[in-house]
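Single-structure report; data block below.
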Amino acid sequence: MLDNAGIQALVLFGPPGSGKGTQAKLLKECLGIPHISTGDMLRAHIQAGDPMGQAVAGVMRSGALVDDESVNALVEERLKAPDAAKGFILDGYPRTRHQAEQLIQWLEAQGIGELVIHLLVDYNSVIKRLTGRRQCPVCGTLYNLNSKPPKQDGICDLDGNKLVIRDDDSAAVIKQRLEAYEQQTRPLIEYFREKGRRLLEFDASSEPPQILVGKICQAIRDEARV
Ligand code: ADP
């Protein structure tokens, strides 16, 4: 589907809690291309306790953005992996002007077309979603106490592990993450428009994720006909 549209890269864009991770996982299933989440990659480094993990742990716990140099290097390396050759879904990257410049430069050099998917959601829904979010630390499945509770309280439906709350899903840190989004990330929408990048917007507040992913897939097919 992506090839027909001349699109190899999907960039999922939106505030924390807009459902980027959930949509990326659904799109990965239906498109068969990898989901590349900078947040997940950084958390894996923290989990491993390696030098990068040690360097970024404090910043992430505070809700601020990790420095561009580290994140750009991480993404550049990941995009070279063989599984990304036929396409990939970016979730949570780019998040600053510098990251966007690097990505566009890289995509142009490789001759890769991208489509930015902007998920629109109001901040009240975001706060409700983030405070209710739970995740399985083993398989990564996301739950939400409001919209998608596990069958058994606090336990993953798929593998029975105990669900966890992400370190940065506390009220004070959520506020900081939304501020970082407003100041450093949201302005990129204007930048994408100025640069004439393909960008589609979706209302991500009201519909269940399965319906929304259907609309996104349909829009990608429509792009192929443009
Ligand atoms: P969310 O979109 O809900 O904030 P993520 O998992 O994408 O969740 O990001 C969690 C944290 O990881 C961010 O608050 C930030 O500290 C760090 N991070 C993730 N992606 C980037 C990025 N592209 N640039 C800088 N920091 C990032």
Side-chain angles (χ1 to χ4, degrees), residues 9-25 27-28 34-48 52-79 88-104 106-107 114 116-123 125-137 140-144 147 164-189 191-192 204-205 209:
L10 290 181
V11 178
L12 287 176
F13 194 90
S18 56
K20 300 185 298 293
T22 303
Q23 287 303 310
K25 288 184 176 72
L27 285 164
K28 174 189 169 178
H35 165 204
I36 299 177
S37 156
T38 42
D40 286 349
M41 286 195 283
L42 290 164
R43 279 185 289 276
H45 281 281
I46 294 177
Q47 196 83 34
M52 170 163 294
Q54 286 170 17
V56 302
V59 179
M60 282 181 71
R61 226 179 293 118
S62 77
L65 294 185
V66 170
D67 67 285
D68 288 334
E69 207 183 319
S70 304
V71 179
N72 280 340
L74 209 60
V75 173
E76 199 172 343
E77 196 52 39
R78 177 65 185 87
L79 293 182
F88 50 86
I89 303 161
L90 288 173
D91 157 14
Y93 180 91
R95 253 167 147 113
T96 64
R97 172 74 174 244
H98 193 238
Q99 293 177 16
E101 283 168 354
Q102 148 131 348
L103 177 66
I104 289 177
W106 189 86
L107 291 171
E114 92 286 357
V116 181
I117 310 272
H118 182 191
L119 302 179
L120 300 163
V121 57
D122 67 87
Y123 279 0
S125 320
V126 157
I127 290 167
K128 203 169 156 203
R129 281 182 189 180
L130 292 176
T131 49
R133 186 156 74 176
R134 301 289 183 275
Q135 187 165 28
C136 174
T141 303
L142 290 167
Y143 295 87
N144 198 289
S147 56
V164 296
I165 302 178
R166 245 170 63 175
D167 277 355
D168 57 354
D169 276 346
S170 70
V173 181
I174 289 171
K175 186 166 173 279
Q176 174 60 45
R177 282 160 66 202
L178 290 174
E179 268 172 32
Y181 178 77
E182 272 301 307
Q183 284 163 20
Q184 291 164 277
T185 309
R186 200 159 72 110
L188 294 184
I189 289 294
Y191 173 74
F192 292 137
S205 292

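Atoms within a ligand are numbered from 1 in the order they appear, just like the ligands themselves. Sequence positions, counted from 1, serve as the residue numbers for this chain. In this text the structure is predicted, and so the values were computed from the model without any measurement.
For ligand 1, the atoms lying closer than 4.0 Å to a non-hydrogen atom of P16 are 1 (P), 2 (O), 3 (O), 4 (O). Against a heavy-atom cut-off of under 4.0 Å, L42 is close to the following atoms of ligand 1: 17 (C), 18 (N), 19 (C), 27 (C). Distances below 4.0 Å separate heavy atoms of R43 from the following atoms of ligand 1: 6 (O), 10 (C). Under a 4.0 Å criterion applied to the non-hydrogen atoms of Q99, ligand 1 contributes the atoms 22 (C), 23 (N), 24 (N), 25 (C). For ligand 1, the atoms closer than 4.0 angstrom to any heavy atom of K20 are 2 (O). Every atom of ligand 1 with a heavy atom of R133 under 4.0 Å away is listed here by number and element: 3 (O).
The shortest N or O to N or O distance between L65 and ligand 1 is not below 3.5 Å. At a 3.5 angstrom cut-off on N or O pairs, T38 counts as close to ligand 1. Polar contact check, V71 against ligand 1: no nitrogen or oxygen pair lies under 3.5 Å apart. Checked by distance only, ligand 1 and D168 stay at 3.5 Å or farther apart across all their nitrogen or oxygen atoms. When only interatomic distances are considered, the shortest N/O to N/O separation between D40 and ligand 1 does not fall below 3.5 Å. Residue D91 has no N or O atom closer than 3.5 Å to an N or O atom of ligand 1. Annotation: G92 places an N or O atom under 3.5 Å from an N or O atom of ligand 1; distance criterion only. The shortest N or O to N or O distance between Y93 and ligand 1 is not under 3.5 Å.
Under a 4.0 angstrom heavy-atom cut-off, S37 registers as lying outside contact with ligand 1. A heavy-atom separation below 4.0 Å is not found between Q176 and ligand 1.
Residue-environment remark: NE2 (H98) stays at or below the threshold of 12 foreign heavy atoms within 6.0 Å. Surrounding CZ of R166 are more than 12 heavy atoms belonging to other residues, nucleotides or ligands, all under 6.0 Å away.
Applying the side chain to side chain donor-acceptor pair (under 3.5 Å) rule to K128 yields no partners; only residues at least two apart in sequence or on another chain are considered. Residues satisfying the ring-ring contact (aromatic ring centres under 6.0 Å, His included) criterion with Y93, sequence neighbours excluded, are absent altogether.
Taking the side chain as every heavy atom from C-beta outward, R97 and L188 approach each other to under 4.5 Å. Here the side chains of P94 and N72 are not in contact, with every heavy-atom distance at 4.5 Å or above. Side chains of L103 and E114 form no contact here, defined as non-hydrogen atoms less than 4.5 Å apart. Using a 4.5 Å heavy-atom cutoff, the side chains of P16 and I174 are not in contact.
The two residues T22 and P209 have their closest heavy-atom pair at CG2-CB, 3.8 Å.
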Checklist entry - Checking side chain to side chain contact (heavy atoms under 4.5 Å, CB included) for the pair K25/H35: CA distance, chi angles, key distance, verdict? => result CA-CA 7 Å; K25 288 184 176 72; H35 165 204; 3.9 Å; yes

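A donor-acceptor pair is defined here as one N or O able to donate and one able to accept, closer than 3.5 Å; such a pair exists between the side chain of Q135 and the backbone of G140.
Under 4.0 Å is where a charged nitrogen must lie from a carboxylate oxygen, and between D169 and R177 at least one such pair does.
In terms of protein heavy-atom proximity, atom 8 (O) of ligand 1 is closest to R166 NH2, 3.1 Å. At the shortest separation from atom 3 (O) of ligand 1 among protein heavy atoms lies R177 NH2, 2.7 Å. The protein heavy atom nearest to atom 11 (C) of ligand 1 is M60 CE, 3.7 Å. Scanning the protein for heavy atoms near atom 15 (C) of ligand 1, the closest one is A64 O, 3.5 Å. With hydrogens left out, the protein atom closest to atom 26 (N) of ligand 1 is V66 N, 3.0 Å, a heavy atom. Annotation: atom 4 (O) of ligand 1 to nearest protein heavy atom, R95 NH2, 3.0 Å.
Taken from CE in M52 to CD1 in I46, the straight-line distance is 10.5 Å, to the nearest 0.5 Å.
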